[in-house]
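The first residue of the sequence shown is numbered 1, and numbering continues consecutively from there. Every value quoted in this text rests on a predicted model; they were computed, and no experiment measured them.
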Amino acid sequence: MALVQFLKKLRNEQVTVELKNGSTVWGTVEAVSPQMNVTLSRATLTLATTGPSPMVIQNINVRGNTIRQILLPESLNLDALLVDPQEVAALRRRGRVGAVASRKRATSTTTPSSKRPRPHDE
């Protein structure tokens with residue numbers, strides 16, 4: 001899964017965006033563009049040059065190439081976000097994933113195989 005696709009799933013999550021110039025922006029993710037531009041609402045901006053006095057901003061758009069890292073909340077379920085539904089659907093069509101994701105595919109040894117037995121070389 002591409003990083004941008006993962007970030008798009010963070011909509012309505014509160015994250016901290018650390019910028020390359022040392023500033024930080026904390027807010028709720030509204031949108032992520034293919035260039036990794038992040039739009040945050042109800043954001044708090046702390047500039048590295050002015051010290052720890054934060055500014056409250058209604059909406060802010062952070063350009064993707066100025067982002068150093070995005071810090072995710074501890075309560076975020078990463079396992080659920082990292083699953084790609086299109087990939088899972090393709091695997092289900094091929095029969096590689098069962099209907100219940102938490103169970104492994106059962107192999108039955110009591111039912112006869114649909115394959116023909118191989119002749120034994122003697």
*Asks:* Which pairs with one or both residues in residues 46-56 pass salt bridge (Lys or Arg N to Asp or Glu O under 4.0 Å), sequence neighbours excluded?
*Replies:*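 Listed by first then second residue: nothing to list.
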*Asks:* Quick one: does any side-chain atom of Ser23 pair with a main-chain N or O of Ala48 as donor and acceptor, under 3.5 Å?
*Replies:*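 Here the side-chain-to-backbone pair exists.
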*Asks:* What residues, two or more places apart in sequence or in another chain, satisfy side chain to side chain contact (heavy atoms under 4.5 Å, CB included) together with Ile57?
*Replies:*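 So Ile57 forms a side chain to side chain contact (heavy atoms under 4.5 Å, CB included) with Leu45, Ile60.
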*Asks:* Check step by step if side-chain contact (heavy atoms from CB on, under 4.5 Å) holds for Val29 and Leu40.
*Replies:* CA-CA 5 Å; Val29 176; Leu40 300 170; 3.8 Å; yes
*Asks:* Linking I/L/V/M/F/W/Y whenever their side-chain heavy atoms sit closer than 4.5 Å, directly or via other members, would Val17 and Leu3 fall into one cluster?
*Replies:*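 Val17 and Leu3: one cluster.
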*Asks:* Enter the distance from Leu71:CG to Trp26:CH2 here, rounded to the nearest 0.5 Å.
*Replies:*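 One finds 13.0 Å between CG of Leu71 and CH2 of Trp26.
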*Asks:* Working to the nearest 0.5 Å, report the span between CG of Leu72 and CG of Leu7.
*Replies:*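 Between atom CG of Leu72 and atom CG of Leu7 there are 8.0 Å.
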*Asks:* What pairs with Asn61 under side chain to side chain contact (heavy atoms under 4.5 Å, CB included), at least two apart in sequence or on another chain?
*Replies:*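 For Asn61, the residues satisfying side chain to side chain contact (heavy atoms under 4.5 Å, CB included) (neighbours in sequence not counted) are Asn37, Thr39.
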*Asks:* Could you give the distance from CD1 (Ile70) to CZ (Phe6), rounded to the nearest 0.5 Å?
*Replies:*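 These two atoms lie 9.0 Å from each other.
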*Asks:* Strictly by salt bridge (Lys or Arg N to Asp or Glu O under 4.0 Å), give each pair with a member in residues 11-25 just once, sequence neighbours left out.
*Replies:*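 Every pair satisfying salt bridge (Lys or Arg N to Asp or Glu O under 4.0 Å) with a residue in residues 11-25: Glu18-Arg68.
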*Asks:* Scan for salt bridge (Lys or Arg N to Asp or Glu O under 4.0 Å) pairs involving residues 31-42, sequence neighbours excluded, and state none if there are none.
*Replies:*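 Salt bridge (Lys or Arg N to Asp or Glu O under 4.0 Å) check on residues 31-42 returns no pairs.
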*Asks:* Please report the interatomic distance CD(Glu30) to CG(Asn12), rounded to the nearest 0.5 Å.
*Replies:*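 Those atoms lie 6.0 Å apart.
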*Asks:* Please collect all salt bridge (Lys or Arg N to Asp or Glu O under 4.0 Å) contacts where either partner lies in residues 56-66, sequence neighbours excluded, each pair once.
*Replies:*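 Qualifying pairs, neighbours excluded: none.
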*Asks:* Rounded to the nearest 0.5 Å, what's the gap from NZ on Lys8 to OG on Ser33? Could you check?
*Replies:*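 Spacing of NZ (Lys8) from OG (Ser33) equals 7.5 Å.
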*Asks:* What closest approach, in Å, do Val15 and Pro73 show between heavy atoms, and which atom pair accounts for it?
*Replies:*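 Distance-wise, the nearest heavy atoms are CG1-CD, 4.2 Å.
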*Asks:* Got a second to check how far Leu10's CG is from Thr28's OG1, nearest 0.5 Å?
*Replies:*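 Interatomic distance, Leu10 CG to Thr28 OG1, rounded to 0.5 Å: 11.5 Å.
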